> 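Here it is: the structure, laid out below.
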Amino acid sequence: MELFQDRPPLALIACADDWMSRALESVFQQHGYVVAHTRSGIQTMELARLSNHDLLVLDESLIDVKAIDVCRAIHEGLQFDHSVPVVITSPTPVDPRARMTAFNAGAWEYCSHPVDLEQIFVKLETFLRARNELVVARAEDFVNSSTGLYTQFGLRQLAGKLGARALRRHEAFACVAFAPQVHDREIGSSTLWKESATGFADVAHVFREQSRQSDVVGHVGDLRLAILAPDTDAAGARLLVARLQRELDHASKNKTIAGQVRLRVGYSAVSDLAASKVNVAELVHRAESALDHAPIQGDASAIVSFDDLPIY
């Protein structure tokens with residue numbers, strides 16, 4: 001199956017039955033796949049969020065979370081790549097109602113043991129070729145035309161490259177997520193702020209001009225930006241935020257941007273990416289989680305570290 005020019009396809013097999021897991025792994029390897037496997041539904045969701053798999057195989061032998069629930073979570077979760085096909089396998093004969101439930105949950109195929117893998121591989125070849133064409137098309141949108149910054153797709157692609165280099169060098173690494181807010185109005189002695197598309201391109205321009213050459217600045221939402229900052233620890237992340245806020249204040253005074261801008265910020269930073277056992281994609285997710293907890297109103301920049309979030 002010559003669908004991937006730079007790497008073989010990657011399959012994740014989630015199965016608590018060791019014999020079945022090994023049997024599936026052997027067949028997939030014979031068809032040119034690199035196979036990762038897990039016995040846990042929870043770990044499956046974590047790996048599906050962080051890794052670039054081309055196929056997910058969920059067996060109903062999973063104990064901690066039902067395969068159908070894993071499939072539904074992946075299908076409905078915004079943090080997952082919904083173009084990745086999901087196959088659910090069952091040790092019992094296929095029940096038409098169970099099959100329809102699986103399809104409604106987002107499964108691409110539902111089959112019972114012994115699995116007719118040859119039929120699945122024929123379908124996969126067509127499906128994955130179409131998916132590759134989609135990836136190529138998305139790659140053309142690497143940079144946002146209105147802001148000149150990397151798109152979410154472009155940011156995700158570069159995150160892997162920057163992370164690989166930081167791992168080799170045991171560098172510090174930070175991801176900082178921003179939600180710029182513009183001045184809304186005054187109520188008494190308090191200033192109210194709001195997120196707005198007005199002037200967002202001007203803020204993006206300041207970010208692009210004032211970031212370091214080693215930093216990668218991109219979109220993580222319609223009105224959210226993120227900076228991937230190699231060789232930057234937590235203290236460096238806060239200095240980066242302070243510098244950008246000063247530049248925005250300066251641009252506001254000089255009227256090169258319209259009105260006052262206040263930064264809501266969430267960040268996640270590690271002193272050694274290799275020792276931290278997390279990857280850059282996870283740092284981005286943590287920074288966005290911290291941003292969600294940053295105060296919406298206030299008179300100063302609202303900065304929240306992921307490490308300071310409450311643990312439930």
Side-chain angles (χ1 to χ4, degrees), residues 49-50 79 147 149-152 154-181 193 195 200 203-221 223-252 260-311:
R49 180 169 63 83
L50 297 177
Q79 67 271 42
T147 64
L149 301 179
Y150 289 106
T151 61
Q152 287 181 276
L155 197 72
R156 186 166 63 247
Q157 297 302 305
L158 290 172
K161 295 181 180 180
L162 290 177
R165 185 179 65 184
L167 283 170
R168 290 195 305 269
R169 299 179 179 181
H170 288 267
E171 286 181 348
F173 206 103
C175 177
V176 189
F178 302 84
Q181 295 179 302
W193 305 88
E195 294 182 16
F200 184 79
V203 173
H205 177 75
V206 171
F207 273 51
R208 187 174 66 249
E209 292 296 313
Q210 297 301 324
S211 61
R212 302 176 305 173
Q213 187 174 4
S214 60
D215 293 341
V216 171
V217 188
H219 294 258
V220 287
L223 297 176
R224 288 188 170 191
L225 301 171
I227 294 181
L228 307 182
D231 203 20
T232 301
D233 59 10
R238 297 183 73 90
L239 288 173
L240 181 154
V241 173
R243 177 168 56 82
L244 289 174
Q245 185 66 64
R246 286 196 304 270
E247 294 297 334
L248 289 170
D249 293 343
H250 181 69
S252 177
Q260 293 176 264
V261 177
R262 167 188 183 262
L263 294 175
R264 284 180 62 231
V265 181
Y267 72 90
S268 182
V270 293
S271 58
D272 181 336
L273 188 65
S276 71
K277 304 299 183 183
V278 300
N279 58 26
V280 175
E282 175 64 14
L283 290 181
V284 174
H285 175 71
R286 292 180 178 186
E288 290 187 87
S289 296
L291 175 56
D292 289 336
H293 287 78
I296 296 176
Q297 302 297 337
D299 295 327
S301 295
I303 307 175
V304 175
S305 168
F306 177 82
D307 292 337
D308 293 333
L309 296 183
I311 300 176

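Predicted model only: the values in this text are computed from it and were never measured.
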> Using a 4.5 Å cut-off on heavy atoms from C-beta on, say whether the side chain of Cys175 contacts that of Tyr267.
no

> Do Phe173 and Leu228 come within less than 4.5 Å of each other through their side chains, counting heavy atoms only?
yes

> Using modelled atom types and a 3.5 Å cut-off, is there a donor and acceptor pairing between side-chain atoms of Ser252 and backbone atoms of Leu248?
no

> Checking His170 side chain against Ala166 main chain: does a donor-acceptor pair fall under 3.5 Å?
no

> Report yes if the side chains of His250 and Arg246 come closer than 4.5 Å at any heavy-atom pair, otherwise no.
no

> Does OH in Tyr150 sit with more than 12 non-hydrogen atoms of other residues, nucleotides or ligands closer than 6.0 Å?
no

> Any salt bridge between Glu247 and Arg243, counting N to O under 4.0 Å?
no

> Any side-chain heavy atom of Ile227 within less than 4.5 Å of one from Phe178?
yes

> I'd like to check Leu273 versus Ser276 (side-chain heavy atoms, cut-off strictly below 4.5 Å). Are they in contact?
yes

> I'd like to know if Arg212 and Asp215 make a salt bridge, using a cut-off of under 4.0 Å between side-chain N and carboxylate O.
yes

> For the CG atom of Asp308 and the OG atom of Ser268, what is their distance to the nearest 0.5 Å?
10.5 Å

> Check Asp292 with Arg224, please: is the shortest side-chain N to carboxylate O separation under 4.0 Å?
yes

> Mind checking the CD1-CG spacing from Ile303 to Leu240? Nearest 0.5 Å is all I need.
10.0 Å

> Mind checking whether Arg208 and Val217 have side chains closer than 4.5 Å, heavy atoms only?
no

> Does any non-hydrogen side-chain atom of Arg156 lie less than 4.5 Å from one of Thr151?
no

> Give a yes-or-no answer on whether the side chains of Ser305 and Arg238 include a donor-acceptor pair shorter than 3.5 Å.
no

> Do Val304 and Val265 touch side chain to side chain, with heavy atoms closer than 4.5 Å?
no

> Could you please spell out the steps behind the side-chain hydrogen bond (donor to acceptor under 3.5 Å, both in side chains) verdict for Thr147 and His219?
CA-CA 9 Å; Thr147 64; His219 294 258; 2.7 Å; yes

> Ignoring hydrogens and geometry, is there a side-chain-to-backbone donor-acceptor pair from Gln181 to Arg264 under 3.5 Å?
no

> I'd like to know if the side chain of Arg262 and the backbone of Ile296 have a donor-acceptor N/O pair within less than 3.5 Å.
yes

> Just verifying a value: how many Å separate Leu155 CG and Leu162 CG, rounded to the nearest 0.5 Å?
9.0 Å

